[in-house]
Amino acid sequence: MKFFIDSADIQEIRMVSQLGLVDGVTTNPSLIAKSGRNRKEVLKEICEAVKGPISAEVNSLKSDEMYTEGMELAKIHDNIVIKVPMTEEGLVAVRRFSSEGIKTNVTLVFSALQALLVAKAGATMVSPFIGRLDDISTDGMKLIEDIVRIYDNYDFQTEILAASIRHPVHILQAALAGADICTVPYKTLKQIASHPLTDKGIEIFINDWKKSQNV
Ligand code: G3P
């Protein structure tokens, strides 16, 4: 499974990148706004910090405007992936990008049938939002399971990027379900490496070693 960080905070991104924890980055308009920085500048810095796919989302709603905006974003760096919302206009834009070999990530996907349309449009990645479904008492992980099954049935090459991750169990369940990628907030990414029994075990080992050196 590939890990992406879901962030536009260059400090967070640099920290997890230096730890070798991430294979790419996803941003969205809210994360870019939260950074308080110019979109082009922060995306350029992110591309320099992480050698992997960097999702940059268009804000346009019409396919021709999405195309124009996306082409500008693609000029920032070779690793930029154009993020497009799951709408009919978005699918038209994806087909155009795909025909020109430009990578795309279709976001705000909440149903398996939407994901089926995304794969048929030739998108590079699909971003089903688990957490936002859970937030409305709907089983977000069932969506991942259904998409994995449908994509396997027809050998679709679109990568399943589990998004809207709320906690480490989402990552575990997405991995068990067979998602290709998980995009994870910094806080959650920092949680998954540690375990209290590991910490306790290290403490015991060190104390026993120190005692043995004082014999
Ligand atoms: O950036 C895409 C997605 O991971 C954001 O989800 O629900 O945390 O805003 P959310």
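One-based numbering, in listed order, for ligands and for the atoms of each. Both backbone and side-chain heavy atoms feed into the values below; hydrogens, waters and symmetry mates do not. The structure presented is a predicted model; accordingly, all values stated were derived computationally and were not measured.
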Apply side-chain contact (heavy atoms from CB on, under 4.5 Å) to residues Ile82 and Met66 and explain how you reach the verdict. CA-CA 9 Å; Ile82 309 305; Met66 287 178 184; over 6 Å; no

Find all atoms of ligand 1 within a distance of less than 4.0 Å from any non-hydrogen atom belonging to Asn28, and give their numbers and elements. 1 (O), 2 (C), 5 (C)

Please indicate whether any nitrogen or oxygen in Thr183 is less than 3.5 Å from any nitrogen or oxygen in ligand 1. no

Is the shortest distance from a Lys or Arg side-chain nitrogen in Glu12 or Lys187 to a carboxylate oxygen in the other one below 4.0 Å? no

Gln157 and Asp155 side chains, donor-acceptor separation under 3.5 Å: yes

Close-contact set for ligand 1 against Arg166 heavy atoms, below 4.0 Å: 7 (O), 8 (O), 10 (P)

Stepwise, does the salt bridge (charged side-chain N to carboxylate O under 4.0 Å, His left out) test hold for Asp9 with Lys34? CA-CA 8 Å; Asp9 181 318; Lys34 186 179 173 186; over 6 Å; no

Taking only non-hydrogen atoms of Lys83 and a 4.0 Å limit, the atoms of ligand 1 in range are 1 (O), 2 (C)

Among all protein heavy atoms, pick the one closest to atom 9 (O) of ligand 1 and tell me residue, atom and distance. Arg132 NH2, 2.7 Å

Taking NZ, NE, NH1 and NH2 as the nitrogens, is one of them in Lys44 or Glu41 under 4.0 Å from a carboxylate oxygen of the other? no

Before giving the answer on salt bridge (charged side-chain N to carboxylate O under 4.0 Å, His left out), spell out for Glu159 and Lys2 the whole-Å C-alpha distance, their side-chain angles and the decisive distance to 0.1 Å. CA-CA 10 Å; Glu159 290 188 291; Lys2 285 178 268 189; 2.7 Å; yes

Flag Thr107 as yes when one of its N or O atoms lies below 3.5 Å from any N or O atom of ligand 1, and as no otherwise. no

One thing to verify: whether Asp135 and Arg166 come together as a salt bridge, which I'm taking to mean a side-chain N less than 4.0 angstrom from a carboxylate O. yes

Is the shortest distance from a heavy atom of Glu57 to ligand 1 less than 4.0 Å? no

Can we say Arg37 and Glu45 salt-bridge, meaning some charged N sits less than 4.0 Å from an Asp/Glu carboxylate O? yes

Does ligand 1 come near enough to Thr26 that some N or O of the ligand is less than 3.5 Å from an N or O of the residue? no

What protein heavy atom sits nearest atom 4 (O) of ligand 1, and how far off is it? Asp6 OD2, 2.7 Å

Specify the protein heavy atom at minimum distance from atom 6 (O) of ligand 1: its residue, its atom name, and the distance to 0.1 Å. Ser164 CA, 3.3 Å

Looking at Phe129, which atoms of ligand 1 are within less than 4.0 Å of one of its heavy atoms? 2 (C), 3 (C), 5 (C), 6 (O)

